Amino acid sequence: MKYSLFLLSLLCFSYLNAQHFIKGQVMDAQTGAPLAFANIVISKHVGTVSNFDGQFEISIPKDCKYFSVSYIGYHSKRVNINPQTNFYKIYLQASSEQLRSVVINGKYINPAIKLMKKAIKLKPQNNYQYKLHKYAFTKYLKFVVAGEADKIPGKLDTVYKNGQFFKIDSTLIKFKKETTGKYLWLLESIAKVNGQKGGEKTKVIATRTAGLKKPLYELIALQMSGQNIYNDRYNFLFNSYIGPLAKASFKTYKYEIEDTIHLQNRPVIVVNYRNTQKPLISGRIYLDKQSLAIAKFSLNTYKAYQFRVIYDFKYYPIQNIWFPADITMTIKKADQKNMLNIGNQIQIMEQQTDSILVDKHGDSLHYTRQKNTLDYTYAHTSIHFFDVLIGKNYPDKISFNLQVSPLATQRSRQFWENLRHKPYTPKELRTYRFIDSIGEKEKIDYHIHKYKSLAYGYFPLTDHLDLDLIDLIDYNRYEGIRLKMNVQTNEQFSDKWQIAAYTAYGFKDKQLKYSGSLSFKLRHLTQTYIKVSYTDDLEKSAAFRSYKGRYILSKMHHYADDKFYHHRTAGLSVTHLLNPNFKLNTGLSKTYINTKYPIPFHRGRIEFPQKDLFFYTLDFEITPFSQYYLAPEGRKLLKDGYPKFYINFEKNIPQWQMNHVDYYRIDFQSYIKKKYVNLDYTELYLRLGLASQGAGIDKLFMPVTNDYEAANPLQRFNLSKAFAFETMKDLEFVDNFVTSIHLQHTFTQLKLWAKKNIDVRLLGAAAFGLSYDDNKYTGIKSLDKIYYETGVEFRQLWANLGLGFYYRLGAYAYPHFGDNLSVRLTVNPFSIIKRMK
């Protein structure tokens with residue numbers, strides 16, 4: 001089966017007005033397999049290459065008499081041009097001498113390695129994002145899901161085999177009818193992009209999705225996010241790859257210099273690369289011979305699905321820069337009828353009914369597989385860059401890394417066709433008419449809303465009301481099992497107002513807790529909200545604030561805690577984005593506190609402090625290197641960046657209180673994550689807390705803990721907690737000033753045995769504290785010496801579960817080994833959604 005419809009034809013260079021187009025396909029003369037990336041040359045400066053199907057299209061002058069076709073490991077061929085022929089099938093004969101790779105061995109160095117090392121060294125002056133101080137462009141994106149109707153048998157039939165009659169699956173016939181003349185799905189977007197100082201900001205000015213009235217922001221964000229192949233690691237859809245110009249690429253890829261061709265009147269060196277591990281990744285890098293900038297790039301992966309990418313660049317001579325021009329991506333279930341040759345490699349072999357495969361030992365394997373609709377379905381993305389400006393930006397002010405114009409879904413057909421630079425095809429128009437009618441009939445927008453709600457951790461109770469699933473269940477040693485029903489209205493109810501409320505019940509303390517709030521959005525672009533609330537619930541004593549994402553089990557981090565205070569709080573707060581990376585929340589609260597555990601003072605008195613407080617808070621969330629996009633639901637994370645900073649300042653107002661308590665409290669936290677090309681990563685979490693001398697025990701600080709009193713490590717067994725001291729007890733240490741640091745490194749995908757990989761994490765932590773009065777409480781110490789803890793975690797031993805072992809060291813270590821040891825169950829929580837802020 002041919003690989004038609006996988007990729008758009010490569011852009012061809014035209015240099016004369018008197019010209020016409022010819023098309024063709026290059027194949028192996030013996031096997032009939034398409035030859036991907038064969039060189040098609042008309043003259044010294046004019047040529048192109050075949051795509052993954054061996055197909056090509058090129059414009060030629062009318063007086064041109066012939067063109068040449070060459071391919072590594074094959075005899076070149078000169079093809080005479082016949083004016084009556086527009087499509088040429090060209091068969092190349094394999095040469096008896098195969099081009100051999102030169103490997104690093106003693107003093108001999110593969111010339112391709114030397115070339116790639118030089119290209120890596122020149123990255124700063126070739127990477128357009130960093131070389132150009134300012135630039136701008138418009139890009140048109142088209143994403144389709146389609147069926148290969150022409151490849152499905154056209155009628156029902158029966159086959160006699162092994163003494164029985166078998167009927168061809170009628171599902172395929174129905175699928176053929178459904179996919180003839182239209183796509184299964186179609187999405188289009190047009191966006192303006194401003195680039196400056198290594199970053200890009202995108203504004204979608206038009207978007208249209210078949211079957212939907214509202215844009216699918218998550219898919220737009222996924223498709224529109226920049227993919228710079230100069231990066232050490234880059235992403236296409238859900239796949240992550242080591243960049244061809246990464247320093248670590250030599251450990252992953254093998255390189256061969258294939259040929260020198262001309263693209264856009266520039267001599268270009270063609271380098272073949274392939275990885276040394278599964279799944280197979282191969283392709284070609286086209287390097288400008290003079291600057292060693294990337295002039296073209298291709299990637300092909302094959303496992304259960306085949307993924308193909310082609311990057312085309314356009315050369316700008318004044319700036320001496322290659323700038324993106326077109327990107328095409330295709331993903332399809334692996335279909336292996338033909339053998340696809342790339343650099344003398346057979347990448348794909350047939351897997352169909354009664355096919356015979358040959359394994360690496362030459363043994364024949366026989367099996368039968370019935371094809372289904374997925375075998376004839378593919379997804380294709382094409383991105384075209386135009387209206388490129390070098391040295392300046394568009395005047396449009398774009399605040400977020402990605403935002404969508406309010407008029408994006410209301411554009412006229414004429415608007416679309418002007419920017420598409422071509423009218424809609426009958427196939428596209430039929431797709432919109434057909435799927436839009438289905439969307440309205442089946443209420444696809446509503447169902448998409450339901451699926452999105454679940455993806456963000458909310459269960460839709462009604463069209464307008466969602467149940468928060470994230471903290472539905474929790475456990476601590478004071479309340480026991482805690483069930484919490486937290487509901488809130490969604491954007492279907494109102495895009496301005498939001499009502500939220502929850503009730504919680506602890507099965508051990510047998511007390512009901514509740515809260516309610518009303519929010520009003522003042523401005524969408526800055527996510528400015530004003531909120532009034534009332535809460536009657538428990539709060540952890542002497543605790544740092546928790547900054548956690550929306551993950552299953554992320555809220556179950558109170559397992560070892562038993563020191564809480566009860567509070568009834570009325571509050572008024574305002575949230576505002578100073579910019580997408582700087583979030584401010586300020587609030588004013590009146591609260592009544594009743595501590596739920598006895599506090600042993602050094603004078604021998606045991607008290608249950610109760611007090612009224614009136615205080616204000618300032619919260620800062622600063623994430624200068626993260627990227628965000630703006631959706632109707634609010635600001636959402638597009639790409640994580642580090643470091644991140646969280647600052648909370650709290651100060652009471654004595655004049656507005658019934659008592660004389662006077663205090664302030666500062667909570668500072670910072671998180672840094674360093675990712676490596678091999679997917680290993682290092683994390684550092686720093687906490688610093690400072691409370692004034694007048695602060696009560698509920699407003700002091702202790703390190704984040706996750707242990708409790710028991711006879712042995714197995715009796716203290718529980719869930720691990722992120723960036724916590726697993727060997728420190730709740731309220732074991734309390735101070736006015738506390739600082740803690742957690743450093744951990746994770747080795748990913750270490751092979752435990754065949755077909756079983758695990759992550760191994762090494763941890764180290766330290767804490768230190770100071771108090772105004774070291775003897776204020778009996779049984780509660782000050783951290784006036786450094787507390788040390790070390791540990792190792794074996795993660796994903798079974799599914800997402802693993803085991804962690806932690807040990808207490810230093811001045812606060814116990815005499816017995818077992819008292820210093822803690823064992824935990826580690827969980828890699830399934831990410832409901834990237835953190836939203």
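Model, not experiment: these values are computed from the prediction. One is the number of the first residue; the rest follow in order along the sequence.
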Margin query: I'd like to check Y629 versus F400 (side-chain heavy atoms, cut-off strictly below 4.5 Å). Are they in contact?
Written below: no

Item checked: Whether over 12 other heavy atoms sit under 6.0 Å from F737 CZ -> yes

Check: For the residue pair F620 and F582, does the interplanar ring angle fall in the parallel (under 30°), tilted (30 to 60°) or perpendicular (over 60°) class?
Finding: perpendicular

Notebook entry, point to check: Taking 4.0 angstrom as the limit, do K213 and E440 come out as a salt bridge?
Noted result: no

Notebook entry, point to check: If you look at every heavy atom in D445 and K214, which pair is closest and at what distance?
Noted result: OD1-N, 3.3 Å

Item checked: Pairing of D698 and K611 as salt bridge, 4.0 angstrom limit -> yes

Check: Does a side-chain heavy-atom distance below 4.5 Å link Y502 with T535?
Finding: yes

Check: How are the rings of Y708 and Y559 set to each other: parallel, tilted or perpendicular (split at 30° and 60°)?
Finding: tilted

Notebook entry, point to check: Are R568 and D612 within salt-bridge range, i.e. N to O under 4.0 Å?
Noted result: no

Next item on the list: Mark yes when over 12 heavy atoms from residues, nucleotides or ligands other than I481 sit less than 6.0 Å from its CD1; otherwise mark no.
Entry: no

Next item on the list: Please say which of Y685, Y671, F725 ends up in a ring-ring contact (aromatic ring centres under 6.0 Å, His included) with H742.
Entry: F725

Note to self: Is any side-chain heavy atom of L630 closer than 4.5 Å to one of Q527?
What the structure shows: yes

Next item on the list: For atom NZ of K531, decide whether the heavy atoms of other residues, nucleotides or ligands shown that lie under 6.0 angstrom number more than 12.
Entry: no

Next item on the list: Could you tell me whether E479 and K513 have a side-chain N and a carboxylate O separated by less than 4.0 Å?
Entry: yes

Notebook entry, point to check: Parallel under 30°, tilted from 30 to 60°, perpendicular over 60°: which one fits the rings of F493 and H464?
Noted result: perpendicular

Notebook entry, point to check: Hey, does the Lys NZ or Arg CZ of K639 hover above the aromatic six-ring of F625, less than 6.0 Å from the centre and inside 45° of the axis?
Noted result: no

Checklist line | Non-hydrogen atoms of A191 and T202 that approach each other most closely | finding: CB-CG2, 3.5 Å

Check: Would you say Y458 and I470 make side-chain contact, with heavy atoms under 4.5 Å?
Finding: no

Next item on the list: For Y446, enumerate each residue passing the ring-ring contact (aromatic ring centres under 6.0 Å, His included) test, keeping only those at least two apart in sequence or located in another chain.
Entry: none

Check: Can you list the steps and then say if K644 with E621 is a salt bridge (charged side-chain N to carboxylate O under 4.0 Å, His left out)?
Finding: CA-CA 8 Å; K644 299 180 178 182; E621 180 189 304; over 6 Å; no

Next item on the list: Taking the six-membered ring of Y681 (Phe, Tyr or Trp), confirm whether the NZ or CZ of K675 is under 6.0 Å from its centre and within 45° of its axis.
Entry: no

Next item on the list: Evaluate the ring planes of Y664 and F649, with Trp represented by its six-membered ring, and classify them as parallel (under 30°), tilted (30 to 60°) or perpendicular (over 60°).
Entry: parallel

Notebook entry, point to check: Under 4.0 Å between a Lys/Arg side-chain N and an Asp/Glu carboxylate O for E726 and R824?
Noted result: yes

Note to self: So D707 and M728, do their side chains get closer than 4.5 Å, heavy atoms only?
What the structure shows: no

Item checked: salt_bridge(D537, K484) N-O dist < 4.0 Å -> no

Check: Under the 6.0 Å and 45° cation-pi test, does R413 pair with F415?
Finding: no

Next item on the list: Among L465, I499, T503, find the residue that satisfies the side chain to side chain contact (heavy atoms under 4.5 Å, CB included) test when tested with V487.
Entry: L465

Checklist line | Note, V738 side chain near L688 side chain (heavy atom, < 4.5 Å) | finding: no

Item checked: Side-chain (Q669) to main-chain (R545) donor-acceptor, under 3.5 angstrom -> yes

